[in-house]
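Below is one structure, written out as structure tokens; the observations come after it.
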Amino acid sequence: MAIALAGLAACVCGVAQASTPVRALSDDLAFTDSRPGERADAFREARRAGARVVRITLDWSLVAPGGGAKPAGFDAADPGDPAYRWGYVEDAVRDAARRRLRVVLVVVRAPAWARQAGRPEPAELEAFVRAAARRFSGFYPDPKSAGDGLTGEGRSLPAVRLWQVWERANLLSGGAGHYRRMLASSATALTRVDAGNQVVAGGTTGRGAVAFWRALRGARFDIAAHSGVSSLGRVSRAVRKPLWLTEVARDTMRPGGASLAGQARYLATALYAADRAGAELFSWRGLQDRTTHLPNFPTVASGLFRNVTNRISRDPAKPARTAFRFPFLVQGRQAWGIAPRGRAVVTIERRSRGSWRAVGSVRASRSGEFSGGLPPGSGRYRARLGRARSLAWRR
């Protein structure tokens, strides 16, 4: 007989108040692909893999005019100023919305004219963020859907409510003091456009992350973000705000990278660590492996898909894709995972005499999360829900 496992109550009501991490993906090469079909396929596969949020880079230096001096007559706060080039961002946001994926726009890289002593100028950042927030307010006319002007109105660009101000903020010149001013100017711009806009801070990394967050106490932001698993527990205690774990990755494409199985195991372990730390969002870096020589668009070597044909609809998935969609692991005598569907009964199986046999079952929470004790016995375990099966985990 199957031994019943104790369920773990959990609830996801959206990104802002989740107790089970909402899964997200970031991949600028896939999500901003110039081929419309490939870009649409990338968002479709992200949704199928279990992502509900996508992070897209809003490169200030690409969208705004370049050069060492601010162009004469350029109104940086006007989203319709002809010097702005929003196209690649609009395409990505539009396609993400069609797949019911929430978008986080990650503002990075100030143009030369908007920097002072190598640092982003807060006043210029405020103008740019205000223009972007107005562009993606949900009310700005979509340039690709203007209507006929007579019988049909055009659509508006989709709304974006989640805005991350920089990555690896603790490595910025000027330290926490300057970044505090960047957050304040961004928050001012965003809330003036819509009170529902949220500021995501940080994307911190390295040993100095904890001290950086302590120095930011009282700063204007809604959500903290930390890149990678290192120091996650200490960061979660220091931020005193909702926490995201972002830019988690394990390369397989480069020399010395992880094996495919090792990458999948790392992904499941990192997601479990995010859950234990109370992170509300877990973002993996890489949907599909791709090599690039484009400036500001780094090579992706930690994708959930290999790249054989450069078409994600035809390319094989890695084991990490299963680990992302149906994470499962065993810690001692405890099993933990997130099922592809909430409030369903998950069967725990053990490999025995060449076949998989049920040893327990547990009802997943609304968010899909489940956990419980395992019966005695070593071996390989996995979780099953209908035709969906997790990767096996050895105990």
Exercise. Going by an N to O cut-off under 4.0 Å, is there a salt bridge joining Asp289 and Arg306?
Worked result: no
Exercise. Does NZ or CZ of Arg23 come closer than 6.0 Å to the centre of the six-membered ring of Phe282, within 45° of the ring's axis?
Worked result: no
Problem set entry | Salt bridge flag under 4.0 Å for residues Glu349 and Arg357 | no
For this session: Could you check if a side-chain atom of Val104 sits within less than 4.5 angstrom of a side-chain atom of Trp163, using non-hydrogen atoms only?
Result: no
Exercise. When you look at CZ of Arg351, are more than 12 heavy atoms from neighbouring residues, nucleotides or ligands closer to it than 6.0 Å?
Worked result: yes
Seminar exercise, completed: To the nearest 0.5 Å, atom CZ of Arg325 lies from atom OG of Ser390 at 11.5 Å
Exercise. Between Phe221 and Lys241, is there a cation-pi geometry (under 6.0 Å to ring centre, at most 45° from the normal)?
Worked result: yes
Exercise. Which distance, rounded to the nearest 0.5 Å, do you find between the CZ of Arg234 and the CZ of Arg214?
Worked result: 6.0 Å
For this session: First locate atom CZ of Arg382, then atom CZ of Arg380, and finally report the distance between them rounded to the nearest 0.5 Å.
Result: 9.0 Å
For this session: For atom CZ of Arg35, decide whether the heavy atoms of other residues, nucleotides or ligands shown that lie under 6.0 angstrom number more than 12.
Result: yes
Problem set entry | Matching residue for Glu90 among Arg135, Arg39, Lys144 - test: salt bridge (charged side-chain N to carboxylate O under 4.0 Å, His left out) | Arg135
Problem set entry | Ionic contact status for Glu124 with Arg115, cut-off 4.0 Å | no
For this session: Flag the pair Glu121 and Arg181 as a salt bridge only when some basic side-chain nitrogen lies within less than 4.0 angstrom of an acidic carboxylate oxygen.
Result: no
Problem set entry | Electrostatic pair Arg290-Asp27, nearest N-O below 4.0 angstrom | no
For this session: Spell out, as yes or no, whether a donor-acceptor pair under 3.5 Å connects the side chain of His226 to the backbone of Thr204.
Result: yes
